[in-house]
2 protein chains.
Amino acid sequence: MSWLEAELREQPDALARLLERQEDAARAAADAFRRPHIRYILIASRGSSSNVARYAQYLLGRAHRVPVMFATPSLYTIYEQPPRLDGAMVVGISQSGASPDVVAVLAEARDQGCPTLAITNDTSSPLARTADAVLDLEAGREQAVAATKTYLNSVGAVALLFTAIGNDAVARDELLRMPEALEAQIRLSLGSDAPPLDQYRDTIGATVVARGVNYGTGYEVALKIRELTGLVTEAYSPADLMHGPIAAVQEGWPVIVVAPSGPARPSVEEVVAPLRARGARMIAISDVRAVLRRAQTRLPLVPGVPEWLSPLTAVVPGQVTALRLTELRGLDLDHPRGLHKVTLTR
Amino acid sequence: MSWLEAELREQPDALARLLERQEDAARAAADAFRRPHIRYILIASRGSSSNVARYAQYLLGRAHRVPVMFATPSLYTIYEQPPRLDGAMVVGISQSGASPDVVAVLAEARDQGCPTLAITNDTSSPLARTADAVLDLEAGREQAVAATKTYLNSVGAVALLFTAIGNDAVARDELLRMPEALEAQIRLSLGSDAPPLDQYRDTIGATVVARGVNYGTGYEVALKIRELTGLVTEAYSPADLMHGPIAAVQEGWPVIVVAPSGPARPSVEEVVAPLRARGARMIAISDVRAVLRRAQTRLPLVPGVPEWLSPLTAVVPGQVTALRLTELRGLDLDHPRGLHKVTLTR
């Protein structure tokens with residue numbers, strides 16, 4: 001078995017480990033978020049971790065009503081004119097904790113006196129050493145170049161932080177049930193009932209549409225397929241897609257809609273008609289029967305997952321799609337051409 | 001002549017009109033940005049206007065050191081849980097001023113007591129009526145579906161605002177020279193020396209790489225080509241491209257680097273070697289001879305434009321590339337299939 005598949009299958013255990021071991025650390029980190037002078041959260045990240053940041057933007061924005069912004073590392077590293085960060089709580093997300101640009105943002109924030117938190121799989125990394133507080137991803141070593149369990153546990157870490165900031169016992173219980181739901185999701189997505197993807201083997205690309213708490217899921221599904229297969233995959237919110245980019249959706253172009261039940265679903269579904277009118281082949285990731293029925297390819301989600309936690313299960317059919325397409329195209333699952341596990345950018 | 005080409009050629013006049021007529025309005029609007037309790041700027045936008053927002057993020061971030069964040073409209077419209085915006089200066093950018101999601105963000109900000117500014121080409125639009133202050137784009141009616149002069153004047157409006165906030169006479173003089181530089185750029189890009197693009201007629205897509213103040217230029221060039229030609233074009237910062245997405249760059253894939261002289265140029269140039277190693281065909285937009293020399297296709301920029309204003313000229317070779325590729329592919333320049341001038345999303 002490839003490392004990629006082994007690590008994909010290991011995700012429920014990795015998530016359970018995170019939830020078991022990092023609750024105290026999350027509680028300690030949460031205090032800084034509640035300080036009265038905090039006006040917004042600033043997140044520094046690259047790659048898959050930026051997709052986790054998109055989840056944090058909606059989750060923390062919605063429930064705690066704190067605006068979340070993404071850092072522009074070049075202001076710190078290239079222009080050397082970092083913004084004034086008074087009122088910011090600053091979070092770095094990086095599985096390796098090594099990318100100089102992400103570290104530079106946290107170092108500047110610390111120098112400006114802002115509270116800082118590192119979410120990383122390496123507690124001895126430069127990022128961890130720079131931050132006031134650390135959440136350890138507890139994902140164990142990840143061997144495949146493409147992230148699966150470190151992505152999943154980063155999403156889990158943000159969810160854990162969310163329950164800690166709100167001191168929300170109901171949310172905590174919902175989160176603690178997720179390793180089991182994830183286990184069921186992986187069984188479902190890898191099972192013998194999973195639809196064949198042969199018709200997509202020779203596609204040149206695909207578009208993923210998602211919104212709200214699953215906006216980051218859309219980006220992660222697109223990135224996973226892209227890294228592993230070399231296909232030109234991309235993600236859009238339904239609104240952004242309609243403001244021009246839909247022009248590139250031609251006859252037969254595959255479009256994956258990520259549409260679990262919840263407030264964002266109708267908005268995602270609104271683009272199905274214009275996409276169909278352009279001849280797109282629709283692939284649906286959903287727990288809603290009506291959504292699945294309207295798609296050519298149906299990637300079902302296990303039922304009963306609260307919307308705010310659906311990114312933990314909704315990414316799985318996307319990861320499996322990336323895995324299957326890579327196999328169909330006869331490519332190396334663990335070492336995509338020209339990519340490295342740790343990327344150092346400034 | 002198509003409306004698109006006429007409006008592209010009209011840009012220097014449109015910019016001159018903006019600078020002549022809106023200086024007082026910019027000065028009045030600037031006061032709100034300088035209030036002592038302002039901690040950050042929040043921008044709501046869609047489509048081309050989001051590319052202008054990316055320019056504002058670097059320009060205002062760099063010089064005034066104020067962090068700039070983008071709104072997440074679904075928190076306002078779909079989840080109905082808008083974030084608390086204390087400390088925010090809120091800006092809506094929309095040529096039509098009509099999209100309900102952009103208006104919703106400004107309405108909420110106003111209700112929360114934040115200062116608001118609309119940058120729009122329609123001063124009687126819902127967006128203009130919602131905001132405390134308005135900057136009129138003064139672009140005149142735009143007939144082509146794809147934005148050219150409204151984009152350019154939105155960038156100009158942000159630059160004008162920047163000089164007003166800083167009360168910066170040197171920057172103001174530099175800006176006032178831009179209609180002339182833009183005129184020269186359009187002559188250069190549309191002139192008989194412009195390189196033929198026939199070799200790209202049958203490409204399926206392209207990637208645009210840009211960083212810093214031109215990050216938004218990269219997105220706008222990608223969007224313009226995409227809207228007009230239906231090609232799968234996309235934009236990345238060099239760092240984001242290296243963190244995975246470069247996997248989709250295959251033999252012969254066109255990559256446009258936007259690299260005017262300035263601090264961001266070396267970082268953009270760093271990706272040229274890995275892109276070449278994958279067999280990409282390089283197209284360079286630059287005023288730097290060495291950068292142009294290394295590219296297969298050279299799209300020169302007029303010299304002497306300060307980096308902070310280079311987005312006004314650097315977008316032009318991209319607009320012309322979109323125009324030429326559309327002609328080569330025999331498509332309608334003014335009415336791309338399935339797109340509309342005003343897109344209403346929530």
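In what follows, every chain begins at residue 1, and chains take the letters A, B, ... in the order their sequences are listed.
- Using a 4.5 Å cut-off between heavy atoms, Ala147(A) does not touch chain B at all.
- Comparing Gln57(B), Met242(B), Arg39(B), Arg211(B) by how many heavy-atom pairs each has under 4.5 Å with chain A, the most go to Arg211(B).
- His340(A) NE2: 12 or fewer foreign heavy atoms inside a 6.0 Å radius.
- Annotation: side chain of Ser45(B) is not in contact with side chain of His243(A) (no heavy-atom distance under 4.5 Å).
- Tyr76(A) does not touch chain B: none of its heavy atoms, backbone or side chain, sits under 4.5 Å away.
- Contact of Ser49(B) with chain A is not made at all, since no heavy-atom distance falls under 4.5 Å.
- For Tyr215(B), no part sits under 4.5 Å from any heavy atom of chain A, backbone or side chain.
- Pro238(A) does not touch chain B: none of its heavy atoms, backbone or side chain, sits under 4.5 Å away.
- No other option in Ser267(A), Pro245(A), Gly338(A) has as many heavy-atom pairs under 4.5 Å with chain B as Pro245(A).
- Heavy-atom pairs under 4.5 Å with chain A peak, among Gly87(B), Gly212(B), Pro266(B), Pro336(B), at Gly212(B).
- Residue Val68(A) touches chain B through its backbone alone, counting heavy-atom pairs closer than 4.5 Å.
- For chain B, the option among Leu231(A), Asp86(A), Leu223(A) with the highest count of heavy-atom pairs below 4.5 Å is Asp86(A).
- Counting heavy atoms from C-beta on, the side chains of Val232(A) and Trp253(B) come closer than 4.5 Å.
- Only the side chain of Thr77(A) comes within less than 4.5 Å of a heavy atom in chain B; its backbone stays farther off.
- Of the atoms belonging to Pro67(B), heavy atoms from both backbone and side chain fall under 4.5 Å from chain A.
- Interface remark: of the candidates Glu227(B), Arg226(B), Gln81(B), Arg226(B) forms the most heavy-atom pairs closer than 4.5 Å to chain A.
- Atoms CZ and OG1, from Arg54(B) and Thr72(A) in turn, are 12.5 Å apart once rounded to the nearest 0.5 Å.
- The shortest distance between side-chain heavy atoms of Tyr58(A) and Ser74(B) falls below 4.5 Å.
- No part of Ala88(B) comes within reach of chain A, as not one of its non-hydrogen atoms sits under 4.5 angstrom from that chain.
- Atom CZ in Arg265(A) sits 12.0 Å away from atom CD1 in Ile78(B) (nearest 0.5 Å).
- Each of Lys224(B), Arg278(B), Gln250(B), Glu80(B) has some count of heavy-atom pairs under 4.5 Å with chain A, and the biggest count is that of Arg278(B).
- Interface remark: Ser237(A) contributes side-chain atoms only to the contact with chain B (heavy atom separation under 4.5 Å).
- Ranked by heavy-atom pairs under 4.5 Å with chain B, the first of Gly47(A), Gly230(A), Gly205(A) is Gly230(A).
- Heavy-atom pairs under 4.5 Å with chain B were tallied for Gly262(A), Gly244(A), Ala264(A), Pro274(A); the largest tally goes to Gly244(A).
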